[in-house]
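Let me begin by presenting the structure, written as structure tokens, before commenting on it.
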Amino acid sequence: MTSAGAGGGPRQGGLDVLVVGSGVAGLSSALRLATGGLRVGVLTKGELVQSATRWAQGGVAAVLGGDEDSTDLHLADTLAAGAGLCDVAAVRVLVDEGPLRVRELIAQGARFDMGPGGDFARAREGGHSAARVVHAGGAATGAEVERALVAATHQTAAAVLEGWFALDLLVEGGRCHGVRALAPAGSTGEGAGPVEVRATHTVLATGGAGQLYAVTTNPPESTGDGLAMAVRAGVPVADVEFMQFHPTALHHPAMPRPLLSEALRGHGAILRDAAGERFVDELAPRDVVSRAMASRMREQGVDHLWLDATGLEAFGARFPTIAAELEAIGLDPASDWLPIAPAAHYLSGGVMTDLQGATALPGLWAAGEVACSGVHGANRLASNSLLEGMVFGARLSEAILAGADGPRPLGVLHALLAGGSDDRGPTLPVSAAEPPGGGLAGAPADTAKAREDLQRAMTDGAGVVRDAGSLASAAAAAARLATGAAPVVDRATGELANLLDVSNVVLRVAGERTETRGAHARSDYPATDPAWRRRIVVSAGRVAVLDEPVAP
Ligand code: SIN
């Protein structure tokens, strides 16, 4: 085992902070920390620009003015979408600090769309009671945010480690000291083995896990890497049963599925079933719309429904990227109804953090989709994700710069650190017993096929609607695939191991939650049960239900 330091090579001086991941949460943290005078490294398995952030369409929900809106309304909408599992203090932080972070991003060079009066153009999306979503390039907001942050990161970071695959957290003496990672072939002259990338603080900003599913809007990079590393290190994670399915992914073989932004419905596009009838409030929260679609598709025996945007004026001018994608596949939104079906989109849960982004493991921080800060609860409100990355990325940076080192019992960590829990037993061992880098058991297999098989099993067993039987079938399939998986020697085998570990945890926890709430719909438990207003946590290989109910 060798060590890597700043500059991508070995032993060139220690890093103060290693940020793993290069989406909005990671890069906005890196930028703030570097500007604050720290030596920051950013490690990513692809190039800096390759993150889920760049795929984000809709925009950023933030109250930037306007008489009809307020942060109290934004708070109320977020809590309503979160179906009783949001942490109110975390949401308060999100809505109050969000506007400042958007303005900072603009100062860093991001260009948002302006209306005719010279003020921000604002869209309304599902679950929002006011038009408060600011956007860039029509529906290319993530790409614009990422462009501004990547440019600034290259100017400020002490080390940019592109093409490095993080294998596991380095945990020594009850503290995180960085990661073990595979360097890109030939980059360091250190051979093919794992390398230690050490830092005083480590920030997980690795994004989500949409690649668990066969049908997803997430890019190939979204393989739950940070979540899997945290699970293997025993760091508490919560709310992972709440994979949000976006209702209006284009029904088309392209993967990731092209997204037809919720902003289209905000502008008046209509959902129609196979008979051409409307069947749901288009601006209801996403979980409600996806569930209504799944049920209508089952009743009508079809694999997709329709988005009718024929009544939208100036479609091409308002949504140029979506218009170009549709044109490329021969669809004209002015005359064609657009085929749609729900697709895995966003993991509402993740690694538990306090209100400053500290995890339960000193030295380890998390922000963005990999984290469970409590702002999303059981179902994220549209366009709150870029916002969460900016707000909590900034908070953890300020905390590190101020000398903080470990978690405080605030936010979702309050119930975990201060209260009791009902232990439901161990998670099933998948690769956790044989961590990546150490090699998984069994004969080498076709890793790409195993990934596809897992995605199919998760789609069939843990999709928009699940039940005990479907979850058990998916778990059996995942266990079989884990037994046959090849040792972790590269990014492909490492990603498969991570997907297997995350699927294990998701399926186990989804089996525990015997109710329907937010993005977790159980056909065998169709009601929401007030007794289940509790978080399910996986920590040190065990599943526990926290005693303390989530405050209304
Ligand atoms: C969308 O534009 O519909 C996606 C935005 C989001 O996921 O919040």
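Just follow the structure's listing: the first ligand is 1, and inside any ligand the first atom is 1. What you see is a predicted model, and the numbers here were worked out from it, not measured in a lab.
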Side-chain atoms of residues 317-326: list all donor-acceptor pairs with protein atoms under 3.5 Å, sequence neighbours left out, distances to 0.1 Å.
unit_1	atom_1	unit_2	atom_2	d
Arg318	NE	His267	NE2	3.3
Arg318	NH1	Gly138	O	3.2
Arg318	NH2	His135	NE2	3.2

Result block: side-chain N/O donor-acceptor pairs under 3.5 angstrom for residues 335-345, not counting sequence neighbours:
unit_1	atom_1	unit_2	atom_2	d
Asp336	OD2	Asp332	N	2.7
Trp337	NE1	Asp308	OD2	3.3
His345	ND1	Thr217	OG1	2.6

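With sequence neighbours left out, His376 forms a ring-ring contact (aromatic ring centres under 6.0 Å, His included) with Tyr346.
The existence of a salt bridge linking Arg132 and Asp69 is confirmed by a sub-4.0 Å separation between a basic side-chain nitrogen and an acidic carboxylate oxygen. Salt bridge Glu104/Arg32: present, at least one basic N to carboxylate O contact under 4.0 Å. Electrostatic pairing of Glu388 and Arg380 does not count as a salt bridge here, judged by no charged N lying under 4.0 Å from a carboxylate O.
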Just the distances, no angles: every ligand 1 N or O to protein N or O pair closer than 3.5 Å, one line each.
unit_1	atom_1	unit_2	atom_2	d
ligand 1	2 (O)	Gly58	N	2.8
ligand 1	2 (O)	Ser261	OG	2.7
ligand 1	3 (O)	His246	NE2	2.7
ligand 1	3 (O)	Glu262	N	2.7
ligand 1	7 (O)	Arg286	NH1	3.0
ligand 1	7 (O)	Arg286	NH2	3.2
ligand 1	7 (O)	His345	NE2	2.6
ligand 1	7 (O)	Arg380	NH2	2.8
ligand 1	8 (O)	Arg286	NH2	3.3
ligand 1	8 (O)	Arg380	NH1	2.8
ligand 1	8 (O)	Arg380	NH2	3.4
ligand 1	8 (O)	Ser383	N	2.6

